[in-house]
Amino acid sequence: MSTATTELRRFLTITGQRLKNGQSVPEMFSPAVDAAWHEMLGTPQYAALCQETAGQMIGHVANNGHGPIAWVTAYEEAYGPLPQIWFTDAEGNVDQEAIARYRSTGTVVAEWDCSPDAGGDGDEVAPDRPETGRR
């Protein structure tokens with residue numbers, strides 16, 4: 001299993017926990033992890049992964065934003081510090097400033113253009129989605 005897929009699994013687990021607790025869905029701020037998400041969307045493997053990690057099907061929707069990433073503490077409590085892939089774009093370039101800021105402050109402030117959707121069927125995004133310049 002790739003690092004991006006492992007992180008997607010963890011992200012979906014946190015999504016399920018947040019939904020169960022009545023919290024907002026987590027922000028997907030990593031283009032690298034999002035790319036792995038897009039590769040799995042609409043597949044039987046994705047449906048099984050959602051059931052295993054979140055206990056329900058998790059869709060994928062456009063949702064642009066910028067700000068503090070609210071779920072970092074929950075991630076750290078379950079898995080430890082965020083790994084570098086969360087600060088990596090789809091081409092494999094690491095945002096060294098963002099990762100250094102996270103390591104020194106423990107917080108992440110980022111942009112995102114998508115998020116999970118509890119009411120979705122896991123197949124909402126067209127395969128030819130435009131690339132983003134997020135970091």
Side-chain angles (χ1 to χ4, degrees):
M1 183 178 309
S2 75
T3 301
T5 304
T6 297
E7 292 307 308
L8 177 61
R9 172 181 289 279
R10 292 173 174 180
F11 179 77
L12 292 172
T13 299
I14 288 171
T15 299
Q17 292 167 349
R18 289 181 66 87
L19 290 170
K20 185 167 41 166
N21 294 334
Q23 296 173 297
S24 62
V25 293
E27 308 86 355
M28 172 50 75
F29 72 93
S30 169
V33 178
D34 189 41
W37 196 1
H38 280 264
E39 288 178 20
M40 290 193 76
L41 284 170
T43 67
Q45 294 84 359
Y46 181 69
L49 178 64
C50 287
Q51 288 301 319
E52 179 185 332
T53 58
Q56 67 182 70
M57 193 62 192
I58 301 295
H60 181 286
V61 296
N63 177 18
N64 295 321
H66 178 272
I69 303 301
W71 54 269
V72 172
T73 300
Y75 181 100
E76 291 171 333
E77 289 171 356
Y79 308 110
L82 290 169
Q84 181 172 295
I85 193 150
W86 283 101
F87 304 92
T88 304
D89 68 19
E91 289 78 38
N93 302 305
V94 177
D95 184 340
Q96 295 295 341
E97 287 181 30
I99 200 166
R101 193 169 38 252
Y102 164 64
R103 288 179 178 158
S104 69
T105 67
T107 60
V108 177
V109 176
E111 294 180 20
W112 61 88
D113 62 11
C114 61
S115 65
D117 175 35
D121 64 8
D123 197 17
E124 286 79 24
V125 177
D128 61 343
R129 70 179 171 90
E131 291 298 318
T132 67
R134 318 181 266 167
R135 282 224 181 270

Next item on the list: Measure across Ser115 and Pro26 and return the closest heavy-atom pair with its distance rounded to 0.1 Å.
Entry: CB-O, 3.8 Å
Margin query: A side-chain contact here means heavy atoms from C-beta on lying under 4.5 Å apart; do Val25 and Leu19 qualify?
Written below: yes
Checklist line | Straight-line distance of Arg101 CZ to Gln96 CD, nearest 0.5 Å | finding: 12.0 Å
Checklist line | Heavy-atom closest contact (Leu8 atom, Leu49 atom, distance) | finding: CD2-CD2, 4.4 Å
Item checked: Side-chain donor-acceptor pair present, Tyr79, Glu7, cut-off under 3.5 Å -> no
Check: Which pair of non-hydrogen atoms, one from Ile85 and one from Ala32, has the smallest distance, and what is that distance?
Finding: CG1-CB, 3.7 Å
Note to self: Quick check for you: to the nearest 0.5 Å, what is the distance between Arg10 atom CZ and Leu82 atom CG?
What the structure shows: 10.0 Å
Next item on the list: Indicate the atoms forming the closest heavy-atom contact of Phe87 with Pro83, along with that distance.
Entry: CD1-O, 3.8 Å
Next item on the list: Would you name the heavy atoms of Ile58 and Cys50 that are closest together and state the gap between them?
Entry: N-SG, 3.6 Å
Check: Do you see a donor-acceptor pair shorter than 3.5 Å between the side chains of Tyr102 and Trp86?
Finding: no
Notebook entry, point to check: Between the side chains of Thr6 and Thr3, does any donor sit under 3.5 Å from an acceptor?
Noted result: no
Next item on the list: Look at the side chain of Asp34 and the backbone N and O of Ser30, then say whether any donor-acceptor pair between them is shorter than 3.5 Å.
Entry: no
Margin query: Run the side chain to side chain contact (heavy atoms under 4.5 Å, CB included) test on His60 and His38 for me, step by step, so that the C-alpha distance in whole Å, both residues' side-chain angles and the decisive distance to 0.1 Å come before the verdict.
Written below: CA-CA 9 Å; His60 181 286; His38 280 264; 3.2 Å; yes
Notebook entry, point to check: Taking atom CD of Glu77 and atom OG1 of Thr73, what is their separation to the nearest 0.5 Å?
Noted result: 6.5 Å
Checklist line | Spacing of CD belonging to Glu111 relative to CG belonging to Asn64, to within rounding of 0.5 Å | finding: 9.0 Å
Notebook entry, point to check: So how far is it from Leu12 CG to Met57 CE, rounded to the nearest 0.5 Å?
Noted result: 9.0 Å
Checklist line | Heavy-atom closest pair, residues Pro116 and Val61 | finding: O-CG2, 4.2 Å
Notebook entry, point to check: Would you say Arg9 and Glu52 make side-chain contact, with heavy atoms under 4.5 Å?
Noted result: yes
Notebook entry, point to check: Rounded to the nearest 0.5 Å, how far apart are CD of Glu27 and CD1 of Ile69?
Noted result: 4.5 Å
Check: Between the main-chain N or O of Glu91 and the side-chain N or O of Asp89, is there a donor-acceptor pair closer than 3.5 Å?
Finding: yes
Note to self: Keeping Arg18 on the side-chain end and Ser24 on the backbone end, is there a donor-acceptor pair under 3.5 Å?
What the structure shows: yes
Margin query: Testing Tyr75, Trp71, Trp112 one by one against Phe11 for a ring-ring contact (aromatic ring centres under 6.0 Å, His included), which residue passes?
Written below: Trp71
